[in-house]
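Working notes for the structure below.
Excluded from the calculations below are hydrogen atoms, water molecules and symmetry mates; all remaining heavy atoms, backbone and side chain alike, are included. Model, not experiment: these values are computed from the prediction.
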Amino acid sequence: MVSKSISVTDRIIVPLDVSTETEAVALIDSLPQVSFWKVGLELFVSTGPTLLPMLKERNKRIFLDLKLHDIPNTVAGACRAAARYGVDLLTIHATAGRSALKGAVEAVREGAATANVEPPKPIAITVLTSLNSRDLAFDLKIPLELPEYALQMALLAQESGMAGAVCSPKEVAQLRRVCGDDFLLVCPGVRPTWANLGDQRRATTPADALKAGADYLVIGRPITASEDPAAAFDRICEELT
């Protein structure tokens with residue numbers, strides 16, 4: 001679990017959910033107070049790893065959110081390559097299975113060692129926050145209640161040596177209680193009371209998510225889609241202090 005001495009500012013991860021390097025740099029420049037950025041699929045597929053060295057040069061932390069999901073050998077190869085960039089967090093779907101998760105843990109160490117950087121913390125995706133209980137039951141045919149399924153995915157990740165998990169703030173209290181304080185919990189689906197929920201189906205407020213046991217909060221559109229992103233970020237930080 002992240003030390004409580006870490007400032008609120010450092011516990012908020014802002015996603016670079018744009019498709020061009022120009023847009024990404026403009027967003028980074030507009031939010032100099034942000035210390036932790038998320039690079040996801042859209043930007044990484046569009047621009048490749050070009051932004052990662054720039055973020056490192058600015059002493060920013062990086063959440064490389066690629067949500068890897070493939071056969072174990074492919075997941076390990078991707079993790080080995082991603083670790084060389086010196087990112088801080090890297091996501092793998094828990095549903096890739098135990099072999100893939102264990103392979104990912106070893107691969108990030110190997111990749112980081114070849115580049116002489118600290119290995120990223122591999123964290124597992126439990127259940128996407130765009131899904132709800134009905135989706136799980138009727139579309140995915142999973143015969144477990146959503147909170148139980150999220151917990152099982154987190155426990156699989158923990159047993160496989162993963163550093164933590166990504167979960168909805170609705171499940172974070174249970175995961176914290178069962179998985180313990182040393183298991184990193186990252187929560188998307190976090191929305192201030194004054195923000196639109198968008199496509200997040202299991203959202204809660206930043207204050208409630210931290211109180212429930214989240215280590216990091218991923219907060220995107222309430223900040224990045226605001227007319228004044230810096231003011232929106234500061235408002236969220238003020239509400240948490």
Side-chain angles (χ1 to χ4, degrees), residues 1-3 6 10-11 13-16 35-41 43-45 48-49 51-53 55-56 60-129 149-169 171-172 175-176 178-189 213-218:
M1 190 173 186
V2 169
S3 170
I6 293 179
D10 292 335
R11 296 176 70 178
I13 302 173
V14 179
L16 287 166
S35 63
F36 212 150
W37 291 95
K38 180 172 85 73
V39 175
L41 274 174
L43 185 59
F44 196 82
V45 171
L51 276 168
L52 304 181
L55 288 167
K56 296 289 288 184
K60 304 298 185 181
R61 301 184 72 199
I62 303 169
F63 175 18
L64 187 56
D65 187 25
L66 300 184
K67 297 183 176 70
L68 300 171
H69 191 211
D70 213 309
I71 62 172
N73 189 61
T74 301
V75 168
C79 287
R80 199 174 290 113
R84 298 174 190 141
Y85 299 130
V87 300
D88 298 275
L89 302 176
L90 177 66
T91 48
I92 301 98
H93 271 286
T95 49
R98 191 180 303 272
S99 294
L101 298 180
K102 286 185 173 181
V105 172
E106 183 61 30
V108 294
R109 295 187 189 125
E110 295 169 353
T114 63
N116 197 29
V117 295
E118 286 293 317
K121 289 182 170 60
I123 57 175
I125 303 294
T126 55
V127 183
L128 296 173
T129 53
Y149 182 68
L151 176 60
Q152 292 306 313
M153 293 299 97
L155 288 171
L156 173 62
Q158 189 174 44
E159 292 164 4
S160 302
M162 301 283 280
V166 178
C167 66
S168 156
E171 289 91 55
V172 70
L175 267 61
R176 174 62 66 212
V178 176
C179 297
D181 288 345
D182 294 332
F183 196 62
L184 196 67
L185 294 176
V186 178
C187 287
D215 292 301
Y216 292 105
L217 310 177
V218 180

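A distance of 10.0 Å separates CG in Leu64 from CG in Leu43, rounded to the nearest 0.5 Å. Interatomic distance, Ile71 CD1 to Ser99 OG, rounded to the nearest 0.5 Å: 11.5 Å. Note that the CE atom of Met153 and the OG1 atom of Thr95 stand 7.5 Å from one another [nearest 0.5 Å]. Taking CG of Leu184 as the reference point, atom CG of Leu175 lies at 12.0 Å (rounded to 0.5 Å). Rounded to the nearest 0.5 Å, atoms OG (Ser35) and CD1 (Ile13) are 9.0 Å apart. Interatomic distance, CD1 of Ile125 versus CD1 of Ile123, reported as 6.5 Å (0.5 Å rounding).
Between the Arg98 side chain and the Glu159 main chain, no donor and acceptor come within less than 3.5 Å of each other. Judged by distance alone, the side chain of Arg61 and the main-chain N or O of Leu55 form no donor-acceptor pair under 3.5 Å. Side chain of Gln158 to backbone of Phe183: no donor-acceptor contact under 3.5 angstrom is found. With Thr91 contributing its side chain and Leu66 its backbone, the two residues share a donor-acceptor pair below 3.5 Å.
Under the rule for a side-chain hydrogen bond (donor to acceptor under 3.5 Å, both in side chains), the partners of Lys67 that lie at least two apart in sequence or sit in another chain are Asp65.
Ring-plane geometry between His93 and His69 is classed as tilted, the angle between the planes lying from 30 to 60 degrees on a 0 to 90 degree scale.
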Item to check | Candidate pair Arg11 and Leu217, rule side chain to side chain contact (heavy atoms under 4.5 Å, CB included), full reasoning | outcome: CA-CA 6 Å; Arg11 296 176 70 178; Leu217 310 177; 5.8 Å; no

Item to check | side chain to side chain contact (heavy atoms under 4.5 Å, CB included) assessment of Leu90 paired with Cys79 | outcome: CA-CA 8 Å; Leu90 177 66; Cys79 287; 3.9 Å; yes

Next on the checklist: Between Cys187 and Ser168, is the side chain to side chain contact (heavy atoms under 4.5 Å, CB included) condition met? List the steps.
Outcome noted: CA-CA 5 Å; Cys187 287; Ser168 156; over 6 Å; no

Item to check | Val166/Val218 under side chain to side chain contact (heavy atoms under 4.5 Å, CB included): CA gap, chis, key distance, verdict | outcome: CA-CA 10 Å; Val166 178; Val218 180; over 6 Å; no

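Across all their heavy atoms, Pro188 and Thr129 have their closest contact at CG-CG2, 3.8 Å. Taking each heavy atom of Leu101 and Ala157 in turn, the nearest pair found is CD1-CA, 4.0 Å. Pairing each heavy atom of Leu155 with each of Val178, the nearest pair is CD2-CG1, 3.9 Å. Of all heavy-atom pairs spanning Phe36 and Asp10, the tightest one is CD1-O, 4.0 Å.
The salt bridge (Lys or Arg N to Asp or Glu O under 4.0 Å) analysis of residues 73-86, with sequence neighbours excluded, yields the pairs Arg80-Glu110. The salt bridge (Lys or Arg N to Asp or Glu O under 4.0 Å) pairs that include a residue from residues 112-124 number zero, where partners must be two or more places apart or lie in different chains.
For Lys56 and Asp88, the salt-bridge test fails: no basic side-chain N is under 4.0 Å from an acidic carboxylate O.
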